[in-house]
Amino acid sequence: MRHLLSAGDLDRDEALAILDTAERMHALQDREVKKLPPLRGRTIVNLFFEDSTRTRSSFEIAGKWLSADVINVSAKGSSVSKGESLRDTVLTVAAMGIDALVVRHNASGAVARIAGWVDCRVVNAGDGTHEHPTQALLDAYTLRHRLGGTGDAADLADRHIVIVGDITHSRVARSNVLLLRTLGARVTLVAPPTLLPAGVHCWPCETSWDLDAVLSGKAHGDVDAVMMLRVQRERMSGGQGVAGGPVVGFFPTEREYAIGYGLSPERLDLLGESVPVLHPGPMNRGLEISSAAADGVRSAVLDQVRAGVSVRMAVLYRLLAGADEVTV
Ligand code: CP
C-alpha cells in the first residue's frame, strides 16, 4: 500500500491486516507511557483545508505515539489565505523532506490529485463528499468489537449494517459501503429520496425511504448495527448552508426530518438491546440523533473515537514502517 486514498483500494486481506494491526496498537491506550519507537525520525504533516476535531487530533496522537514528528498545517493561518494555489502549497510543504501527508480538503478528488504531485505517502482524511477511508476502518474496528463476544473481534460477514441520513453529502457513507462490502457485510442505506445520491442504485447495497420498517427488521431483515449520519447543512443549499443555519431544499423542516429520520427514543425501542448505534460525529442532537441514542448503552460513539487513534496508528505504521508484525 503506497497511499490510502479510498476504502475501495483495500482488498479483504489488506483491510483485515490494518484492523489486526490496530488491535495490537489498541493495547497502548491502557498504558501509562503511550509511546512506541517505529516512526522515530519520520515527519508527518496534517494538511487540513477543512475543519476537524476527531480526525486531525487522532492522526496527531497516532503519529506521536509512534514517535514521529507531527506538524499541523491548516488553511486558516497558512499562505492559502494569501491566495497560494493548492499545488504550490502542497509542493512547498512536501519540499521540506516530509514522509507523509494526511490531507483533508473540501473538493472531492483533491487528495488523489495531491498524491500525484508528491513523492511522500498520502492519506485521505476526507475529501468533499467523496471518501473518508480511515473513518470506515475505525467504524469496522468498532463493529467487530461491539458485535464480537467478550473481547473478541467479530467477523462482519453477513452482518446487516443500516446507515441512515444524509447519504448524498456523506463521504463516510461511501467509504463504509465499500469497506463493509469488502468485509462481507450487507448494507442498507436509509434516507429521504432527496438525500440519496444519483447513481446509488449502482452501489453494492440496498436502499429504503422507510426507517421504521428497516429498523424493525420488517423490510430488509434483522439489523445488527445502525450508523446515523450528520445532516451536513454546510454542503446544502448550493453550498450556501452553514452549520447551525437553515436547511433549504432537501427536506421541509428540521422537525419533519427528525420525525422521519431521527433516531428518537421510540425508534431505539425497535432495536435489540445489543444493537450498537454509531455516529461519526459531530452530532446534531435532536435532529438526526436523540440524546437517548447518543448517550445510551447502545451508543458506540466514544468507542469510535478511541478506535480512531488505534486505526490511524495502524495506517501510519503500515505506510511508513511497512511491516506486518508490530511489537507493542
Ligand atoms: N468524523 C470526523 O471526520 O470528524 P471530524 O470532522 O471532527 O474530523
Side-chain angles (χ1 to χ4, degrees), residues 4-7 18 22 44-64 70-76 100-108 110-111 122-143 146 161 163-180 225-236 239 241-245 263 276-285 287-289 293-295 299-316:
L4 179 56
L5 303 176
S6 163
I18 293 171
I44 299 166
V45 172
N46 285 335
L47 185 56
F48 275 58
F49 296 91
E50 243 189 25
D51 293 342
S52 168
T53 299
R54 282 146 281 264
T55 310
R56 185 168 55 187
S57 49
S58 61
F59 265 115
E60 182 174 357
I61 291 167
K64 286 180 172 171
V70 183
I71 288 99
N72 291 308
V73 179
S74 61
K76 283 176 206 143
L101 267 177
V102 177
V103 186
R104 172 169 287 191
H105 199 282
N106 58 4
S108 301
V111 186
V122 177
V123 181
N124 183 358
D127 63 326
T129 60
H130 178 227
E131 281 228 36
H132 194 350
T134 58
Q135 178 71 44
L137 284 162
L138 75 87
D139 291 338
Y141 183 102
T142 305
L143 287 168
R146 278 297 184 113
I161 315 300
I163 303 178
V164 186
D166 181 0
I167 311 292
T168 293
H169 301 103
S170 179
R171 53 199 179 205
V172 174
R174 281 169 181 71
S175 290
N176 260 294
V177 168
L178 291 171
L179 184 66
L180 287 168
V226 180
M227 185 183 301
M228 304 305 296
L229 297 176
R230 183 170 70 89
V231 172
Q232 299 197 37
R233 296 180 177 98
E234 75 279 14
R235 297 193 204 278
M236 295 182 175
V242 293
L263 191 56
V277 172
L278 288 79
H279 191 303
M283 295 183 281
N284 294 307
R285 287 176 184 254
L287 182 54
E288 74 263 3
I289 191 165
D295 303 327
S299 175
V301 171
L302 294 180
D303 292 354
Q304 291 171 271
V305 175
R306 279 186 283 273
V309 177
S310 308
V311 159
R312 286 163 180 139
M313 286 177 80
V315 167
L316 294 173

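Every heavy atom of this structure was used, including side-chain atoms; hydrogens, water molecules and symmetry mates were not. Counting starts at 1 for both ligands and their atoms, following the listed order.
- Interatomic distance, CE of M227 versus OG1 of T142, reported as 8.5 Å (0.5 Å rounding).
- The shell of residues lying under 4.0 angstrom from ligand 1, judged by heavy atoms, excludes G126.
- Taking OG1 of T55 as the reference point, atom CZ of R104 lies at 4.0 Å (rounded to 0.5 Å).
- Of the residues listed (E131, H130, H132), the one engaging S175 in a side-chain hydrogen bond (donor to acceptor under 3.5 Å, both in side chains) is E131, and it is the only one.
- The atoms of ligand 1 that sit less than 4.0 Å from any heavy atom of G281 are 1 (N), 2 (C), 4 (O).
- Scanning the protein heavy atoms around atom 2 (C) of ligand 1, the nearest turns out to be T55 OG1, 3.5 Å.
- Between T53 and ligand 1, at least one pair of N/O atoms sits closer than 3.5 Å.
- The option with the heavy atom closest to atom 6 (O) of ligand 1, from among Q304, R171, R104, R54, is R104.
- Taking CG of L229 as the reference point, atom CZ of R171 lies at 12.0 Å (rounded to 0.5 Å).
- With respect to atom 1 (N) of ligand 1, the closest heavy atom belonging to the protein is P280 O, 2.9 Å.
- Here the shortest heavy-atom pairing between R56 and S74 reads NH1-CB, 3.6 Å.
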